[in-house]
Amino acid sequence: METTLFYLAASVSLISTLLVVTRTSATHALIYLIISLLSIAVIFYLLGAPFAAALEIVIYAGAIMVLFLFVVMMLNLGPSQMAQERRWMEPRMWIGPSILAFILFLEVVYMVAGSPVVTPGTAIGPKLVGEQLFTTYLLGVELAGFLLLAALVGSYHVGRRYMRSRREEVE
Amino acid sequence: MDLLWLIPSFPLAGFMILLLTQGRLPNSVVAIVGAGSIGAAAVVAFIVGSAFIDAGSMPYSQLLWAWMDVGGFTPEFTLYLDGLSLVMVGVITGVGFLIHLYASGYMAHEEGYSRFFAYMNLFVFAMLMLVLGDNLLVLFLGWEGVGLCSYLLIGFFHDDAENGLAARKAFVVTRVGDTAMALGLFLLFRELGSLQIQTILHSAQTTWPDGSVLCTSIALLLLGGAVGKSAQLPLQTWLPDAMAGPTPVSALIHAATMVTAGVYLIARMHDLYLLAPVAQFAVAIVGLATLFISAFAALTQNDLKRILAYSTMSQIGYMFFALGVGAWSAAIFHLMTHAFFKALLFLAAGSVILAMHHEQDVRQMGNLWKRLPIPFACMLIGSAALAALPLTSGFYSKDIILLTSWDYGTNGPWFWGLAVLAAFVTSLYSARLIFVVFFGKANSDAASSAKDGSGWNMSLPLIVLAILAVGGGWFGLDPVGDVLPDGGLEGAAHDPMLVWGTALVPIIGVLTGYLVFGGGQLNVDKLLETSLLRTLRRFWFSGWGFDALYDRVLVRPFIFLAALNKNDFVDLLYKGTAALARGASQLVVRTQTGQLRWYATSMAIGLAIVMLFVVGLL
Amino acid sequence: MMQTAISVPVEHVLVLAVALFLIGLTGVLVRRNILFLLMSLEIMMNACGLAFVVAGARWVQADGQIMYMFVLALAAAEVAVGLGLVLQLERRFRHLDIDAASELKG
């Protein structure tokens with residue numbers, strides 16, 4: 001019965017991801033992406049990684065996707081944009097990448113298939129994760145902090161509105 | 001005789017001094033250095049020569065130093081004195097000194113006085129090395145040196161581009177001959193293992209049978225070199241144009257010394273030619289053809305120096321002819337007398353030209369005999385010697401040659417006949433020269449106001465050379481006879497009728513010349529107006545069309561080929577490599593589209609291929 | 001919190017992760033709108049995270065989830081900067097065509 005849940009969640013994520021890449025409206029695509037992320041979160045929970053599931057929902061779907069939505073709203077993409085998207089997305093554009101993806105898919109399936117490994121079914125709670133995180137992987141945590149700080153400063157600088165006039169001031 | 005090495009050293013020292021001071025010395029000092037060095041060499045030559053003759057004319061060689069030692073090839077710088085080289089040295093230093101003396105006055109108002117004497121001294125040095133060399137390598141050194149100096153001196157007035165062209169023409173044409181000579185030297189070294197002249201002459205007789213192909217080819221190649229340097233057929237086109245140089249240069253280089261280098265070479269290598277009768281016959285043919293052609297060409301020229309140039313060509317033709325028919329000593333004798341009277345003619349012509357304010361066209365001259373007494377007397381004597389009138393030195397030398405040719409093989413009389421016809425023409429144009437230039441009426445203002453402004457340093461050499469032109473026939477040439485196969489100037493006895501006939505021909509020629517050009521009694525104007533004569537005249541005037549022939553056959557195809565190769569196909573290798581690299585780069589640059597999705601696609605394709613490797617399918 | 005987990009064949013989960021990754025890759029290669037490009041990148045990163053987590057579940061170690069957290073931090077940083085760039089491009093070109101930003105051509 002639990003495996004059925006897994007396959008159900010898996011199909012939901014697959015379908016919604018497919019829908020994400022084929023929509024013309026950015027907002028619709030984002031909503032489908034959130035659904036995909038949520039279904040992945042369910043899979044995480046089923047695999048015994050509740051902490052990861054929680055993080056997925058809170059950070060990925062809750063922060064990053066919301067950020068996307070903010071930008072989409074800010075850019076005010078209207079019907080003209082959707083029409084342009086429709087023009088850009090001709091069916092013949094899909095042929096090449098699809099073939100490529102298919103080849104890669106076959107390769108990986110060939111590699112992975114036939115191994116009878118099964119997940120043991122033991123859950124790993126947040127406590128265990130925290131223990132590992134702050135002892136073995138402490139350095140990684142600090143580095144992640146660096147990364148986020150750099151991203152913070154970078155995104156502030158890159159996104160500034162008056163970059164052009166500033167440049168003129170310097171010159 | 002140990003002083004032999006001083007003879008070439010004096011001119012060399014003169015050259016070095018003038019080279020290093022580069023025109024900073026005043027003209028008088030330059031003249032003393034330039035002419036004095038040759039004079040000192042002449043004095044030493046006289047001393048050495050007398051010692052040589054007193055010692056019985058035994059060949060003497062003086063080793064200076066070993067030149068190089070390369071794989072068993074060890075030429076040395078050795079000077080070799082025997083009768084032949086003594087005569088040459090005497091001519092070069094003696095006549096050379098007189099010409100230098102004359103030049104110190106002639107070139108006094110020209111720019112580049114110091115440069116002129118430096119080049120002249122270098123020339124004399126090279127010429128002396130040529131005749132004193134013990135082995136062919138030293139001879140070749142001198143050979144190339146005189147070629148260089150000839151180029152430098154012909155193009156001396158370098159402001160006019162025409163002079164440069166004439167100099168270049170001289171150099172390139174003689175180069176053709178030099179290449180043939182070099183090939184001959186290579187063959188000689190390969191076959192006989194040495195370049196030492198005496199060694200070659202002895203081992204040639206033992207190594208090769210009479211008339212061997214190898215010997216003949218070597219002899220012919222050396223003849224090729226001689227032909228180039230002495231301006232004989234077919235390499236004679238440069239000599240008339242070489243008159244662009246100053247008159248003393250024409251006198252020294254293109255009359256007395258450099259153009260005789262070819263004669264010297266053949267005389268020196270006489271054993272080779274005795275072994276190869278075909279080659280000797282070729283020498284005679286070349287000489288005969290040249291003397292015949294240039295005599296007629298000289299008859300139609302209008303430029304004073306060009307007349308003398310063609311006459312030089314003709315006289316050297318006589319020398320080659322003499323060598324070819326076996327009159328070896330006579331050829332050298334004629335070389336010596338020719339040096340005297342031709343230098344005299346050129347220097348006197350120089351005085352005439354100076355007095356005429358550098359006008360060289362004889363049609364502008366006339367009635368100068370009273371105005372320019374000394375040049376007139378000298379040219380008269382010189383022309384007489386040229387025409388081989390009796391009692392002049394030219395008479396003795398040319399007579400022996402003509403008489404010897406009568407005895408030559410089966411065709412002797414034909415040779416004699418052609419040579420005598422050319423002698424007739426020679427006297428004809430000599431007479432024309434005298435009558436047109438000095439008699440008649442003055443044809444231009446320059447002629448009517450000509451004045452002889454030469455000082456003692458120009459007149460003295462003229463007088464000395466005039467004396468030599470008349471009395472030079474009395475020099476005994478016994479030392480030469482020891483070297484050359486015919487044993488001296490005593491030829492075989494000949495039919496007195498033949499002797500008298502040969503002697504009378506020049507006199508008849510001069511009389512004819514007087515009738516045509518002098519008094520005008522024999523009016524040939526009607527004859528000259530006919531179309532036949534007119535085309536003949538044009539033909540002879542252009543030197544029998546050789547310039548045009550060479551232009552059509554050699555120069556134009558060469559220029560055509562050079563133009564074809566304007567984009568040098570050898571360069572294609574380098575340009576092609578660069579173009580290939582550039583083209584390949586352009587191809588590869590196409591992958592840099594600047595588009596993000598294309599880069600991602602290429603990454604994905606790469607991933608697919610790598611995965612195939614990982615999976616093991618590839 | 002319920003400490004339950006199920007047993008699924010690892011290869012199925014891996015195949016799912018790969019499928020999601022490849023869908024994201026296709027999206028990157030096909031879409032011209034920058035925003036969709038970034039979304040497809042997010043899909044790809046999410047798929048990677050899934051692979052890590054399932055690996056951790058198979059070996060019953062926390063390392064999988066920790067790796068997933070790092071991926072998450074990375075994704076967040078990348079999205080922040082990326083969206084800033086999108087804003088700049090939009091201001092410059094007044095449209096969101098990634099093909100227009102090709103000044104590095106040649």
Side-chain angles (χ1 to χ4, degrees), chain B residues 161 164-165 168 172 554-618, chain C residues 10-11 14-48 50-51 55 74-75 78-79 81-106:
Chain B
L165 285 178
R168 203 170 63 197
V172 170
L554 294 174
V555 176
R556 293 230 195 113
F558 182 74
I559 293 180
F560 172 70
L561 284 175
L564 266 188
N565 198 27
K566 197 159 64 163
N567 297 323
D568 203 1
F569 78 98
V570 174
D571 253 357
L572 215 60
L573 188 65
Y574 308 107
K575 285 200 285 193
T577 316
L580 191 70
R582 221 178 304 128
S585 146
Q586 293 287 35
L587 267 183
V588 173
V589 155
R590 300 267 181 90
T591 59
Q592 298 281 326
T593 54
Q595 290 184 1
L596 190 65
R597 292 189 299 140
W598 166 250
Y599 294 156
T601 315
S602 57
M603 276 199 273
I605 295 172
L607 177 65
I609 295 173
V610 169
M611 289 282 281
L612 281 175
F613 277 103
V614 169
V615 163
L617 287 176
L618 264 179
Chain C
V10 170
E11 68 197 39
L14 281 179
V15 164
L16 171 68
V18 166
L20 288 174
F21 183 85
L22 289 173
I23 293 172
L25 180 65
T26 317
V28 166
L29 296 181
V30 169
R31 302 302 299 248
R32 271 171 89 163
N33 195 329
I34 301 178
L35 280 172
F36 284 94
L37 191 82
L38 286 173
M39 275 188 252
S40 308
L41 282 172
E42 291 306 309
I43 300 170
M44 286 162 80
M45 277 194 271
N46 188 35
C48 293
L50 172 61
L74 182 76
E78 174 240 341
V79 160
V81 177
L83 286 173
L85 282 172
V86 167
L87 286 176
Q88 277 297 332
L89 275 171
E90 205 274 339
R91 273 183 223 136
R92 205 159 186 268
F93 290 121
R94 302 203 181 283
H95 60 73
L96 289 169
D97 184 2
I98 187 94
D99 282 348
S102 61
E103 270 183 48
L104 280 181
K105 182 176 175 175

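None of the values given here were measured: they were computed from a predicted structure. Just so it is clear: chains get the letters A, B, ... in the order the sequence lines come, proteins before strands, and each one is counted from 1.
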Please look at C/Leu29 and chain B and tell me whether the side chain, the backbone, both or neither of the residue comes under 4.5 angstrom of a heavy atom of that chain.
both

Segment of B/Thr593 engaging chain C (4.5 angstrom heavy-atom cut-off)
backbone

Around atom CZ of B/Arg168, are there more than 12 heavy atoms from other residues, nucleotides or ligands closer than 6.0 Å?
no

Give a yes or no on whether B/Leu554 atom CG has more than 12 heavy-atom contacts from other residues, nucleotides or ligands under 6.0 Å away.
yes

Is the shortest side-chain heavy-atom distance between C/Arg32 and B/Arg597 below 4.5 Å?
yes

